[in-house]
Student: 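Please read through the structure below; I'll follow up with questions.
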Amino acid sequence: MNHKEFGDTVSFDAMYRTNRHAMNFIPFIAIDNHKRSVVVGSTLISHENAPNFTWVLQAFVKAHNSQPRFVITDQCLSMKEAIPDVLTESKHRLCPWYIMTKIPRERHASEVYTKTVFYDVQKEIHKALYFCGLHVNSEEGDIVQYVVAHKNCKMITKVSYQVTHNVVANTFNCQCNLFTRTGILCRDIQAAKSRYREIDIEKEASINEL
């Protein structure tokens with residue numbers, strides 16, 4: 001019923017993780033006429049990769065016998081790969097939250113850097129938002145490994161780098177070494193920081209609801 005009435009625009013992500021089985025919980029969310037979130041589907045997957053997301057989307061379409069007009073996600077690279085293969089009638093858009101988080105970051109950068117350096121920082125922030133896709137490659141203890149793919153205007157992957165995040169120390173290191181060479185945070189770290197910040201916000205919201 002929810003999907004039939006409100007399923008023209010659907011968002012989904014894999015931010016919710018279970019502790020016991022290390023599975024990713026994926027809710028499909030729509031908005032009703034009262035601007036409230038309604039669940040129109042959900043599933044569990046073991047890894048955030050393209051084959052798993054492809055299976056999830058195929059099952060979603062089979063269950064509802066239709067595709068949403070718009071699908072909204074984060075910057076997950078595996079989602080970007082799966083969506084055009086399955087949701088051929090849907091238009092894919094990034095979550096506005098990602099766009100809005102870049103604005104304070106740019107404002108802060110404009111205050112601490114010279115004009116010339118700021119333009120370089122701004123370019124990396126924009127590239128992180130519009131031309132980077134990422135997925136979690138591994139999680140071991142306090143270390144999270146992200147793989148960030150650089151894409152061109154046709155969304156074809158040009159090169160990928162691995163970003164290592166130490167959760168306890170709250171440090172990020174990227175294979176591209178742009179920060180080491182120039183002192184500017186690369187688009188890969190910018191993308192990974194945005195991803196981690198959303199996970200942190202979701203955890204805090206879940207705790208507050210208890």
Side-chain angles (χ1 to χ4, degrees), residues 1-32 34-87 90 92-101 132-149 163 165 167-168 170 191-210:
M1 180 64 180
N2 281 341
H3 180 269
K4 182 179 179 180
E5 297 296 332
F6 312 116
D8 55 339
T9 300
V10 174
S11 68
F12 72 98
D13 62 52
M15 293 292 97
Y16 303 91
R17 290 181 173 83
T18 61
N19 293 326
R20 178 177 297 180
H21 302 293
M23 301 283 283
N24 290 50
F25 174 67
I26 305 176
F28 288 78
I29 306 295
I31 303 296
D32 67 12
H34 302 285
K35 298 182 179 180
R36 295 178 302 188
S37 298
V38 292
V39 178
V40 294
S42 63
T43 188
L44 290 168
I45 60 174
S46 57
H47 297 92
E48 295 182 66
N49 55 41
N52 279 347
F53 283 123
T54 298
W55 174 82
V56 167
L57 295 175
Q58 288 173 340
F60 181 85
V61 172
K62 182 178 180 180
H64 296 292
N65 196 32
S66 66
Q67 297 184 23
R69 292 180 59 190
F70 296 93
V71 58
I72 302 172
T73 71
D74 60 17
Q75 291 176 290
C76 178
L77 174 62
S78 298
M79 288 183 185
K80 287 184 177 181
E81 293 179 1
I83 288 171
D85 290 338
V86 181
L87 303 181
S90 304
H92 181 208
R93 296 290 185 267
L94 282 180
C95 175
W97 183 91
Y98 279 94
I99 299 174
M100 294 306 296
T101 57
C132 281
L134 80 163
H135 67 268
V136 177
N137 189 42
S138 66
E139 295 183 64
E140 296 183 9
D142 301 326
I143 305 299
V144 181
Q145 302 278 1
Y146 297 94
V147 173
V148 183
V163 176
H165 178 203
V167 178
V168 174
N170 196 25
K193 285 171 71 70
S194 294
R195 175 80 169 205
Y196 177 70
R197 186 178 295 108
E198 182 177 78
I199 295 174
D200 202 42
I201 290 174
E202 294 289 356
K203 287 181 178 178
E204 184 178 344
S206 298
I207 292 173
N208 290 337
E209 291 175 0
L210 296 178

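All values below come from the heavy atoms of this structure, side chains included, with hydrogens, waters and symmetry mates left out. By convention here, the first residue in the shown sequence is residue 1. What you see is a predicted model; the values in this text were computed from it and never measured.
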Student: Could you tell me which residues satisfy side chain to side chain contact (heavy atoms under 4.5 Å, CB included) with S42, sequence neighbours excluded, listed by chain and number?
Tutor: F25
Student: I need the E139 CD to H165 NE2 distance, nearest 0.5 Å.
Tutor: 11.0 Å
Student: Can you name the residues that form a salt bridge (charged side-chain N to carboxylate O under 4.0 Å, His left out) with D32, not counting sequence neighbours?
Tutor: R36
Student: Go through W55 and T43 one step at a time and tell me if the side chain to side chain contact (heavy atoms under 4.5 Å, CB included) criterion holds.
Tutor: CA-CA 10 Å; W55 174 82; T43 188; 3.7 Å; yes
Student: When rounded to the nearest 0.5 angstrom, what distance separates CD1 in I72 from CD1 in I31?
Tutor: 8.5 Å
Student: Run the numbers on E81 and F53 for side chain to side chain contact (heavy atoms under 4.5 Å, CB included), then give the verdict.
Tutor: CA-CA 9 Å; E81 293 179 1; F53 283 123; over 6 Å; no
Student: In chain order, what residues pass the side chain to side chain contact (heavy atoms under 4.5 Å, CB included) check against D142, with sequence neighbours excluded?
Tutor: N166, V168
Student: Does the side chain of S90 come within less than 4.5 Å of I83's, by heavy atoms?
Tutor: no
Student: Not counting sequence neighbours, which residues clear side chain to side chain contact (heavy atoms under 4.5 Å, CB included) with V86? List them please.
Tutor: T54, L57, Q58, V61
Student: I'd like to check I29 versus V40 (side-chain heavy atoms, cut-off strictly below 4.5 Å). Are they in contact?
Tutor: no
Student: According to side chain to side chain donor-acceptor pair (under 3.5 Å), who are the partners of H92, at least two apart in sequence or on a separate chain?
Tutor: T73
Student: Looking only at heavy atoms, what is the nearest atom pair of E48 and N24, with distance?
Tutor: OE2-ND2, 3.3 Å
Student: The criterion is side chain to side chain contact (heavy atoms under 4.5 Å, CB included); which residues satisfy it with Q145, sequence neighbours excluded?
Tutor: N137, S138, I143, Q162, T164
